Enquirer: 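One structure coming up, written as structure tokens, with questions to follow.
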Protein chains: 2
Amino acid sequence: MSEALWDRSRCSVAGTLAVVGEKWSLLVLREAFLGVRRFADFQRVLGAPRAVLTDRLNTLVEQGILRRVPYQAEGERQRHEYRLTQKGVDLHPVLVALMRWGDQYLAEDGEAALELRHRDCGEPVHQVLVCEAGHQLSGARDVRPVPRGSRA
Amino acid sequence: MSEALWDRSRCSVAGTLAVVGEKWSLLVLREAFLGVRRFADFQRVLGAPRAVLTDRLNTLVEQGILRRVPYQAEGERQRHEYRLTQKGVDLHPVLVALMRWGDQYLAEDGEAALELRHRDCGEPVHQVLVCEAGHQLSGARDVRPVPRGSRA
DNA sequence: TCGAGTGAGTTCGTCAAGTGAACTCAGCCG
DNA sequence: CGGCTGAGTTCACTTGACGAACTCACTCGA
């Protein structure tokens, strides 16, 4: 059994969840990917309590996932908005995976709200696993998790 | 701006998080993918409070992500273990995405604990986006989210 | 210059959820 | 019978989420 043979304390799943696993964090990022940048817009579309939203945005900025950018709208004082960094953009696969599972299992009546398409050709996109030899894997059963450093 | 043009109430990201977004749920599934099946093993490797673990396992069973399978070890009474259903297996991409981000950004010192390899050829695997025309996308910026039903 | 308006954030009382230790319960075994 | 073990419950405590009210800084219209 593999469950005793690796070090849970450095598990990347747990580590990532420690950063973005709190309530609202991933929903904030979903909106960020859709172009939302200002506090009031996050608050309005998410309906999250202001205190929580403040905390989540601060945490995401501290973690380098969002960055604060100053701006001024006409007739307003200078404020800052929140934009994804590269580190934040790299969380895109997490949101895509969550979205696809929800589309598959939770969207019985009616349809899912959003669809992802290739910007260049307009075709729907899917998330797949490929190996470095170029094979496309058919699912989780084609994957073998090995402790880092094991022999192939 | 796209942020006003779609229906958040049927967002699949939020829906999926409502099912598996509670504390410990995704870590339970991580262990399930690694072969853990019994309550005591989940409890031991995760260190989660028993009450929470009971609740999370029950929720995952109710949601059809795990199923209870009876078994008896020699010299013990009959118990049940928890196994992934297809619905549970389909959450694999979520865990892979979380793991890859953590590998990339949280594993500075030392190495990530686990690596994913193709069962057939032994090569490391990566998660990528492809479109139905066969193009491989290079990242989040190649994706255009469109409200379902929009023109291509 | 004053007062209302607004975006962003804080404070506060309340309530839900997570935590860890102690307790329960059922069946097997000596 | 009496103890052991895996699974689960109960309980007191702490942490986190919630929503309304309040604060603060700045702009604008009067």
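Because the structure is predicted, anything quoted here is derived from the model rather than measured. Every chain is numbered from 1 and lettered A, B, ... according to where its sequence line falls, protein lines coming before strand lines.
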Enquirer: Rounded to the nearest Å, what distance is computed from the CZ atom of residue R37(B) to the P atom of nucleotide dG6(D)?
Expert: 18 Å
Enquirer: Could you work out, with side-chain contact (heavy atoms from CB on, under 4.5 Å) as the rule, every residue matching E81(B), not counting sequence neighbours?
Expert: R37(B), R38(B), V69(B), Y71(B), R83(B)
Enquirer: What is the distance, rounded to the nearest whole Å, between atom CZ of R68(A) and atom C1' of dA8(C)?
Expert: 11 Å
Enquirer: Please name all residues satisfying side-chain contact (heavy atoms from CB on, under 4.5 Å) with Q86(A), sequence neighbours left out, ordered by chain then number.
Expert: V89(A), D90(A), Y105(B), R141(B)
Enquirer: Does F39(B) have any ring pair (Phe, Tyr, Trp, His ring centres under 6.0 Å) partners at least two apart in sequence or in another chain, and if so, which?
Expert: none
Enquirer: Enter the distance from F33(B):CZ to L114(B):CG here, rounded to the nearest 0.5 Å.
Expert: 13.5 Å
Enquirer: Give the rounded distance in Å between these two atoms: CD of Q43(B) and P of dA7(D).
Expert: 10 Å
Enquirer: List, with names and distances, any nitrogen or oxygen atoms from the protein found under 3.5 Å away from nitrogen or oxygen atoms belonging to nucleotides 27-29 of chain D.
Expert:
unit_1: dT27(D); atom_1: O3'; unit_2: G75(A); atom_2: O; d: 3.3

Enquirer: Run the side-chain contact (heavy atoms from CB on, under 4.5 Å) test against D142(B) and tell me which residues pass, sequence neighbours left out.
Expert: H118(A), L137(B), S138(B)
Enquirer: Scan F42(A) against the nucleic acid and name what it touches under 4.0 Å (heavy atoms): base, sugar-phosphate only, or nothing.
Expert: nothing
Enquirer: How long is the line joining CZ of R44(B) and P of dG20(C), in whole Å?
Expert: 18 Å
Enquirer: Mapping H80(B) and W24(A) to their closest nucleotides on DNA chain D, which lands nearer the 5' end?
Expert: H80(B)
Enquirer: Can you tell me how far P of dG9(C) sits from CG of D41(A), to the nearest Å?
Expert: 13 Å
Enquirer: Output side-chain donor-acceptor pairs under 3.5 Å for residues 15-28 of chain A, partner residues at least two apart or in another chain, one line each.
Expert:
unit_1: T16(A); atom_1: OG1; unit_2: S12(A); atom_2: O; d: 2.8
unit_1: T16(A); atom_1: OG1; unit_2: L98(B); atom_2: O; d: 2.8
unit_1: T16(A); atom_1: OG1; unit_2: G102(B); atom_2: N; d: 3.2

Enquirer: If I take atom CD from residue Q63(B) and atom CG from residue L91(B), how far apart are they, to the nearest 0.5 angstrom?
Expert: 10.5 Å
Enquirer: Any side-chain N or O of K23(A) under 4.0 Å from OP1/OP2 of dC18(D)?
Expert: yes
Enquirer: Looking at the side chain of Y82(A), which of dG8(D), dG7(C), dG9(C) is the nearest nucleotide?
Expert: dG9(C)
Enquirer: Let's see if you get this right: which residues in residues 49-61 of chain B place a heavy atom under 4.0 Å from DNA chain D?
Expert: R50(B), A51(B), T54(B)
Enquirer: Under the side-chain contact (heavy atoms from CB on, under 4.5 Å) rule, collect the residues that match up with R68(A), sequence neighbours excluded.
Expert: N58(A), V61(A), H80(A), Y82(A)
Enquirer: When rounded to the nearest 0.5 angstrom, what distance separates CG in L84(A) from CG in L29(A)?
Expert: 6.5 Å
Enquirer: List the atom pairs, with distances to 0.1 Å, where a side-chain N or O of residues 47-55 of chain B and a protein N or O form a donor-acceptor pair under 3.5 Å, not counting sequence neighbours.
Expert:
unit_1: R50(B); atom_1: NH1; unit_2: Q43(B); atom_2: OE1; d: 3.3
unit_1: T54(B); atom_1: OG1; unit_2: R50(B); atom_2: O; d: 2.9

Enquirer: Can I get a per-line list of side-chain donor-acceptor pairs under 3.5 Å for residues 120-134 of chain B, giving both atom names and the distance, sequence neighbours left out?
Expert:
unit_1: H126(B); atom_1: ND1; unit_2: R100(B); atom_2: NH2; d: 3.4
unit_1: H126(B); atom_1: NE2; unit_2: E132(A); atom_2: OE2; d: 3.0
unit_1: Q127(B); atom_1: OE1; unit_2: A97(B); atom_2: N; d: 3.4
unit_1: Q127(B); atom_1: NE2; unit_2: P93(B); atom_2: O; d: 3.1
unit_1: E132(B); atom_1: OE2; unit_2: H126(A); atom_2: NE2; d: 2.9

Enquirer: Can you pull every protein N or O that's under 3.5 Å from an N or O on nucleotides 3-5 of chain C?
Expert:
none

Enquirer: Rounded to the nearest angstrom, tell me the gap between atom CZ in F39(A) and atom C1' in dG9(C).
Expert: 6 Å
Enquirer: Looking at the side chain of Y71(B), which of dC18(D), dA7(D), dG9(C) is the nearest nucleotide?
Expert: dA7(D)
